[in-house]
Amino acid sequence: MYLYNTLTGRKEEFAPLRDNTVRAYVCGMTVQDSPHVGHMRVFTVFDALFRFFKALGWDVVAVQNFTDIDDKIISKAAEEGIDWRFLADRYEQEYREVARRMNFLPLLHPRATQHIQEIVEMIQAIIDNGYAYVREGNVWFSVRKFARDYGYGKLAKMSLDEMMAGARVEPDPTKEDPLDFALWKAHKEGEPYWYSPWGKGRPGWHIECSAMSSKHLGLPLDIHGGGRDLIFPHHEDEIAQTEAATGQTFARFWMHVGLLTFRGEKMSKSLRNYFIAKEILAEYSPDTLRHLLLSAHYRSDLEFYPEKLREHAKAVARLKDALARVPEDAEEDASFRDDLHAALKDDFNTPEAFGLLFSALDSPTPSKLATVRGFLRMLGFRLGEEEKDDTLERLVALRLDARRRKDYALADTIRDVLKAVGVELMDTPEGTKVRKVR
RNA sequence: GGUGGCGUAGCCAAGCGGUCUAAGGCGGCGGAUUGCAAAUCCGCUAUUCCCGGGUUCAAAUCCCGGCGCCACCUCCA
């Protein structure tokens, strides 16, 4: 298995370091808003990757945090006039519901606010080691000091000068150096706080991931991942904090998923060009979204547009139609499966594998199709699991009756209406077949 | 301004020195089939990979120079 490692800038052979178990940490949501399809891309990629690891015979222990305290959660809760915990919980629940529908493997989902103790201990260790200082209740990380001893910018591949050149933010007056970042923020009136050796306050961004990953997985992590936009500063700072606290290597492999784009630009809150996952899933199946999100190599940016869901729904429907004709107990074609696995073993090249899948449809044999089915299930597709739909069945019966009476106007109307919601009716010699394309 | 990445058919997207007169999906076109459709099946849909040079027996793939786009440097998956 080869994976591209952001840290080294190369594809490297990957295997878990110990116990045949992959220890992985994926940066999860800051639960300040509804998860959108851009978020889904990262989590879908890692879900499919972890499933592939299992297929290779490795165990997987993976952590995906919820960051449930930060500036935006506080300010948004204040705007809405509700408790910040209520707001964080609302979006955490929304994420969990979306994750359930997306068929994500259950992971460990620790919350930042449940690890204040570990966070405080880690900050104390950093202070004790001389890489942080306290100013008016704030604790700042000494970037230049750490840089001298360990090197800073290893992941982002940036020099301190380059970071300074781009600095656009007014530095906090209590910082010794504009590069320094907050480990602990002093309490402000009206904001939530926890007690610490440095007074009341709350954790900075970054530190919760260092604390929770070390605690739940142990160092070094085999894999640490997230969206590419987290490389700097978030992941660079996680490395700095963890190494400054423990002196140990933080993570062996760093994996970064490319961004979802809309009309060529990054999908983001500020551009307001994002699509809410829950709303997409109300109209299209999780398999369709999964297929779309895995249709480009995970490191590339991927263009998203709503009509694209329709395109992928068609593609998935074709696969399902082909698989419906193969008995469950058909033998798989080992050589074909090896080809599919070879694509994934090369830095998880899912588009390559999908290409092979559709090519197999041109010369279908039961064993090839059985392999297609096994492969898709392995990647987390649910395929044929359709829920029973009474209303749909009645409409189909009503239309059948209309056709018998040669009332084609009514029959066609029913068919058109259903088609508009992604349900295609097909009249065959064996009767009317229902095909869901969504 | 600095750093990194990308530019492949109408759209999306693999390939990254020879098996490429370039996968696959969607769309489109023609035919079989059909109450009409849909699905399915058959055939077609880039002699060419942003442009211009170069290296090589051989380049979409490497090098140089343009042009265009994007990301990060600030919160972002």
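Letters A, B, ... mirror the listed sequences (proteins, then strands); counts begin at 1.
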Judged by each residue's nearest nucleotide on RNA chain B, which is more toward the 5′ side, A156(A) or R310(A)?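 Upstream on the strand: A156(A).
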With nearest nucleotides of RNA chain B determined for G355(A) and V42(A) from heavy-atom distances, which residue corresponds to the more 5′ nucleotide?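 The answer here is G355(A).
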What nucleotide, of [options], holds the atom closest to the side chain of [X]?
X: E303(A); options: C12(B), G2(B), A77(B); value: C12(B)
X: L302(A); options: G35(B), U74(B), A13(B); value: A13(B)
X: D229(A); options: C72(B), A13(B), G35(B); value: C72(B)
X: L259(A); options: C73(B), A14(B), A71(B); value: A71(B)
X: F232(A); options: C72(B), G24(B), A77(B); value: C72(B)

Between residues 407-425 of chain A and RNA chain B, which residues have a heavy-atom gap below 4.0 Å?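 Output list: Y408(A), D412(A), R415(A), E424(A), L425(A).
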Does a side-chain N or O of [X] approach OP1 or OP2 of [N] to a distance below 4.0 Å, or not?
X: N349(A); N: A14(B); result: no
X: K314(A); N: G27(B); result: yes
X: S300(A); N: A14(B); result: yes
X: K266(A); N: C72(B); result: yes

Flag if over 12 foreign heavy atoms under 6.0 Å of NZ, K278(A): no
Name the nucleic acid region contacted by H312(A), choosing base, sugar-phosphate or nothing; use a 4.0 angstrom heavy-atom cut-off, strictly under. nothing
Base, sugar-phosphate, or nothing for G264(A), non-hydrogen atoms under 4.0 angstrom? sugar-phosphate
Measuring only the [atom1] atom in each nucleotide, how far is [N] from [M]? A whole number of Å is fine.
N: G27(B); M: U33(B); atom1: C1'; value: 22 Å
N: C29(B); M: G10(B); atom1: P; value: 16 Å
N: C69(B); M: U74(B); atom1: C1'; value: 22 Å
N: A14(B); M: G4(B); atom1: C1'; value: 22 Å
N: G15(B); M: G24(B); atom1: P; value: 15 Å

With the side chain counted from C-beta on, respond yes when L230(A) and C27(A) share a heavy-atom pair under 4.5 Å apart, and no when they do not. yes
Is it the case that K269(A) places NZ or CZ above or below the six-membered ring of Y274(A), under 6.0 angstrom from the centre and within 45 degrees of the axis? yes
May I ask you to verify whether the side chain of K72(A) and the base of C75(B) hold a donor-acceptor pair under 3.5 Å?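 A donor-acceptor contact between them is present.
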F14(A): what forms a ring pair (Phe, Tyr, Trp, His ring centres under 6.0 Å) with it, not counting sequence neighbours?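 Per chain and number, F14(A) pairs via ring pair (Phe, Tyr, Trp, His ring centres under 6.0 Å) with F53(A), W58(A), F253(A).
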With a 4.0 Å cut-off, would you call E328(A) and R377(A) a salt bridge? yes
